[in-house]
Amino acid sequence: MRLVTGTISHETNVLSNIRTDLEQFRRRLLLHGEEVIDFFKGTKTPVGGIIDGCEMHGFELVPTVFAAATPSGRITDEALKTLLGEILDGVRGASPIDGVVLHLHGAGVSEGHDDIEGHILSQVRNLIGDSVPLVSTFDLHGNYTRLMVESADVLIGYDTYPHVDGYERGVEAVGVMKRLLDGSLKPTKAFRQPPMMPALQAQFTGRYPMSRLMEAAHEMEALEGVETITVAAGFPWSDFEDVGLSILVTTNDDRRLADECADQLRDLAWSLRRDFLVKPVPVREALQRVRDSEEGPIVLADIGDNPGGGAPCDGTVVLKAVLEEELEGGVFAVIADPEAVGEAAEAGVGSEVTVDLGGKTDELHGAPLRVTGLVKLVSDGKFIVKGPMGTGSESDMGRTAVVRVGGVDLIITEKRLQPTDLQLYRSLGIEPTEKRFIVVKSSVHFRAAHEPIAKEVIELDTPGLTSPRLAGFGFTKIRRPIFPLDVEMLGITELKAMDED
Ligand SMILES: [Zn+2]
């Protein structure tokens, strides 16, 4: 049996002023043909799982393209056309084929398509016809749409945020493909979109209420006849009609069971809605807690400037407060500022350097901050991930400098990235467990690696593109009413009356 695979992965924050062209994909990861296998084989990633799944079942796997860009603004039409073209050409070139297993994100928006995954899946479907099965894995932040659900035979989303089950979902996708090919699975799907759009912090699957919803889904997955269930938390900043929480139940040829499970999960999500509201801590209050604490590290999450959600990663709000408070023993991971990296590198290790740091991308994340410090290290910014997210894969921060300013180490990088692995620090000679506090630009993903070493985790109430204060963003295309944007309206409205299913 011969399967074709391909990946186009982007979480699009339409409010970001960074255009997502092919260069943005090249900067993060863009691989063609066999390069995909070489890069991912042996890694605990979704594509690593697809590769291993094919080996387990004796399937031949034909790779086409792997394209991922750090979350940013709309994908250019040209970039999408080029990348999708590579997948479609790959399918044509490999024909005759038995199936297609894709890995997509679910929250991609291009200039011409609000729902790029629906577009990709429908284009692949048009090419392969109805008789060739099409399966895809998705991120937990996917905004599922009817077009996606109708175009693929089975869709499988991550169950975790931080995303630590990508590999398992990849293996699962190939297992599902095998059952589609041998005729033992007749997928019957029920799709529900309760009017809810939780902020990222509330989507953390290690904490109530998201954990409750996932538990319920897993209990149902154990029922006879249920094949797979996806509860996707959605990504608000894609700002189109299908943004938000969605539920997709796939049974083996059992319409009633699919509908019952999907209705129950929808009702459960709705009943928990008020518990999805989040209350971040004011920055100065959090810094006082660091000062008062005898043990570290305390992890401070700058949730407003999370590059994993499309924020610029060069915000200075927290750094400014830390320097004003003269707090020592901290590390910042990371501040993306290629200009400052260049200046630090030019000054050289062991020298003092003065830079105007950060605040250069937009007006939402604080102004550039003039700092003077000691250049401790300059590196190529590459490391192999050892923690639970993407274990074994290579991470590339671009050229990176560590500059000691006051009592804190600033990790300044060329590329924007979320700190999801402790090797980020250790590859730079910084031992995170010895720090009094660690500032991470991340909403939730930092937890997988940082919670085991953290004395305490505090979500900071910082301004920015990924702030949980969703009502302030002026979204224009999200379906309304939706919780929590229209809290009062929904408080007096019946869910069933609003649900379109
Ligand atoms: Zn995600």
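Counting starts at 1 for both ligands and their atoms, following the listed order. Atom set for the values below is all heavy atoms of this structure, side chains included, hydrogens, waters and symmetry mates excluded. In what follows, residues are counted from 1 in the order of the sequence shown.
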| Which distance, rounded to the nearest 0.5 Å, do you find between the NZ of Lys415 and the OG1 of Thr70? | 7.5 Å
| What class does the angle between the rings of Phe25 and His10 fall in, given that below 30° is parallel, 30 to 60° is tilted and above 60° is perpendicular? | tilted
| query | Salt bridge between Arg27 and Glu414, side-chain N to carboxylate O under 4.0 Å? | reply | no
| field | N, O or S from Asp139 under 2.8 Å to the Zn ion (ligand 1) | value | yes
| message | I need the Asp159 CG to Arg169 CZ distance, nearest 0.5 Å. | response | 4.5 Å
| said: Of all the N, O or S atoms in His141, which has the shortest distance to the Zn ion (ligand 1)? | reply: ND1
| query | Just wondering, is there an N, O or S atom on His163 that's nearer than 2.8 Å to the Zn ion (ligand 1)? | reply | yes
